[in-house]
Structure formats: C-alpha cells, structure tokens
Number of protein chains: 2
Amino acid sequence: MGLTKTEIFTEEQNHLATMLKALAHPARIAILQQIMSANACICGDLSIELGLAQATISQHLKELKTAGLIQGTIEGVSVCYCINPAVWNQLKNQLGIFLNSTSLSNNCC
Amino acid sequence: MGLTKTEIFTEEQNHLATMLKALAHPARIAILQQIMSANACICGDLSIELGLAQATISQHLKELKTAGLIQGTIEGVSVCYCINPAVWNQLKNQLGIFLNSTSLSNNCC
DNA sequence: TAATTACATTGCAATATTACGATGAATGGG
DNA sequence: CCCATTCATCGTAATATTGCAATGTAATTA
C-alpha cells in the first residue's frame, strides 16, 4: 500500500510525525545546521557546500518550507532562507513533551 | 535514485537522521506513547489498541528495535517491549543540541 | 534587449516505505 | 503429543522518496 493510515491517529501524532519526517534526512539536517550556524539566511551556495545538485537542494528546501520549519524571502536574484522561529519552537515543545513522557527508571525488560 | 548519499554527510548527521526516521511515523509515535504511558512493557495488544494489523505493528516494532529505541524480551508466549533508556537519552541530548543551535532572534527573512 | 545568474519545476529511474494476508516458529496448556 | 496463542517473517501491491539532468522563470547586468 505505502499509504499511511492517518485517519487512525490523533492530529498531534500526525503533526509530530510530519515534522520529524521533514527532519529525517541527513541532507536536510545539514541544510538546517548551515542555516543556523550562519544565524541568518544562507542563500544558494548550499549546493556547493553540501555536494548535492542544485535541483536536489531546492527540493529539500521545499520540503522544509512546506513543513513550515524554514521560510524564504526573495533577495534580488537569490533567495534567503532562515528558520521559522514560531514553528521551530512549537516543534521543540511538542518534541520535548514526547521525549520526556517516560520516567527512564523502569526495570521491566 | 531513491538512495540517500550517506557518504557525503557526517556520522552524526546520518545517525540523527536515522533516529528521526524511526520516529517519523504516527503509528510508531503512538506505539512509543503507549509503551511510555504504561511505563513498562506493553506486549501484543498494540494491534487491537491502534487498529492496525498484527503484521504491521510487528514491522513497526522491528524498526524501533533496529533503531535501538526500544528493546524486547520474551515473556512466555508474548514479548515485552520497553524504551531503551540509553539510546533514548542519547537521542534527547543530540536532538536538544540540534534544536537549540539557533538563537531565534534573527531578523533576517 | 540579450545574456547571465539564481532558483524552481518537471520528468524520469532507482529504491524505500507502508500495510496486510498468509505462513512459519516458539511457547504453554491440556 | 496436539492445539491454541503470540509474535515474526515472507510475499505482494500501492505509494513515497531520493537524486539528477533538463528545462522554465524571474530578476540583474551589460
């Protein structure tokens, strides 16, 4: 099938999964790290820096943008990308709750 | 191609991506939430609770186990799954560093 | 206006994921 | 030993992802 049964799960579960999926690729992690380390927009040299074709980088950027994690503004000929703070913080919170919802002291298995 | 160029990225980036990929499905999030809310091992009733076929749940559990996020021990006829605290904490740390490596005060885009 | 630069989009090919029925393997009860 | 229970694995179908060359689009420059 290859089709996730989203209707079975809660809005929250689906949303978190979507965000994590956007992060779950080394290229996208590298892109985000670049953007964050520049603390401002890194424009189009990501292709050279990461060693992936321009079309590939553009596609990854689109996925991150669709997830809402980054935003891009046109700056002359090039485009400037940076983190979307609202979505980023929201993810941080939701993920924090999820990852901390266990007391890691279970002597079960 | 459909084949990630892992050789281009750092060990850390690949590892984080692998962990996030394991989490990036609503069913696996739901499974982990169940396991955590029980604070101990939930065995095989996940299939009924989540409304997915037994084979599907088993496959998701395998992915979580392969990622190291959970561990399972045989308990008679059934199998008991619970969080692997070491890997879980390691992920929490690595993810925390990643998500906090930006000062969200950029007035860029 | 023509050429250049910077991205986006399209169209592929290769591979991965998701879901499930059917079947296999191991354990426990009778 | 036989059978039910529990879980894993296999096979398969539908769909998604990854990567890139080629091409399209919009703005800047000459």
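All values below come from the heavy atoms of this structure, side chains included, with hydrogens, waters and symmetry mates left out. In what follows, chains are A, B, ... by sequence order, proteins preceding strands, each numbered from 1.
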Enquirer: Just wondering, more than 12 heavy atoms not from B:I74 lying within 6.0 Å of its CD1?
Expert: no
Enquirer: Under 4.0 Å between a side-chain N/O of A:K5 and OP1 or OP2 of C:dC20, yes or no?
Expert: yes
Enquirer: If I take atom CZ in residue A:R28 and atom C1' in nucleotide D:dA16, what distance separates them, rounded to the nearest angstrom?
Expert: 12 Å
Enquirer: Does A:E63 reach the side chain of A:T66, with side-chain heavy atoms less than 4.5 Å apart?
Expert: no
Enquirer: Rounded to the Å, how far apart are A:I29 CD1 and D:dT18 P?
Expert: 12 Å
Enquirer: Categorize A:S78 for me: base, sugar-phosphate, or nothing, with a 4.0 angstrom heavy-atom threshold over every strand shown.
Expert: sugar-phosphate
Enquirer: Determine whether B:N84 and B:K65 make a side-chain contact, defined as any pair of heavy atoms from C-beta on separated by less than 4.5 Å.
Expert: no
Enquirer: Can you tell me the distance, in whole Å, between the CD atom of A:E63 and the C1' atom of D:dA16?
Expert: 10 Å
Enquirer: Looking at C:dT18, I'd like to know if its phosphate oxygens (OP1 or OP2) sit under 4.0 Å from a side-chain N or O belonging to A:T4.
Expert: no
Enquirer: Taking CD from A:Q59 and P from C:dA13, how many angstroms apart are they, rounded to a whole number?
Expert: 16 Å
Enquirer: Would a 4.5 Å heavy-atom cut-off, applied to side chains only, mark A:M19 and A:H15 as touching?
Expert: yes
Enquirer: Within the structure, does a side-chain N or O atom of B:Y81 lie under 4.0 Å from either OP1 or OP2 of D:dA8?
Expert: yes
Enquirer: Decide if atom CD of B:E49 counts as having more than 12 heavy atoms of other residues, nucleotides or ligands within a radius under 6.0 Å.
Expert: yes
Enquirer: Can you check the A:I31 CD1 to D:dG19 C1' distance for me, whole Å?
Expert: 13 Å
Enquirer: Hey, which of these two, A:K65 or B:T56, hits DNA chain C nearer its 5' end, going by closest nucleotide?
Expert: A:K65
Enquirer: So does A:L99 get a backbone contact from the side chain of B:W88, meaning a donor-acceptor N/O pair under 3.5 Å?
Expert: yes
Enquirer: For DNA chain C, determine which residues of residues 10-18 of chain A have any heavy atom closer than 4.0 angstrom to one of its atoms, and list them numerically.
Expert: none
Enquirer: B:S58 near the nucleic acid: base, sugar-phosphate alone, or nothing, with a heavy-atom cut-off under 4.0 Å?
Expert: base
Enquirer: Is B:V77 touching bases, backbone alone, or none of the nucleic acid, heavy atoms closer than 4.0 Å?
Expert: base
Enquirer: Considering every strand and a 4.0 Å limit on heavy-atom distances, what is the contact class for B:A55: base, sugar-phosphate, or nothing?
Expert: base
Enquirer: Any side-chain heavy atom of B:I42 sitting closer than 4.5 Å to one from B:I31?
Expert: no
Enquirer: Figure out the NE2/C1' separation between B:H60 and D:dT9, and round it to whole Å.
Expert: 15 Å
Enquirer: Roughly, in whole Å, what's the span from CG in A:L3 to C1' in C:dT17?
Expert: 11 Å
Enquirer: Has the side chain of A:Q54 got a donor or acceptor that lies under 3.5 Å from a partner of the other kind on the base of C:dA8?
Expert: yes
Enquirer: Does OP1 or OP2 of C:dA19 have a side-chain N or O of B:H25 closer than 4.0 Å?
Expert: yes
Enquirer: Once you round it to whole Å, what is the distance between P of C:dT27 and CD of B:E75?
Expert: 14 Å
Enquirer: Checking the side chain of A:Q94 only, and the main-chain atoms of A:L91 only, is there a donor and an acceptor separated by less than 3.5 Å?
Expert: no
Enquirer: Could you check whether A:L52 gets within reach of a base, just the sugar-phosphate, or nothing at all, counting any heavy atom under 4.0 Å?
Expert: sugar-phosphate
Enquirer: Closer than 4.0 Å, any side-chain N/O of B:K21 to the OP1 or OP2 of C:dT17?
Expert: yes
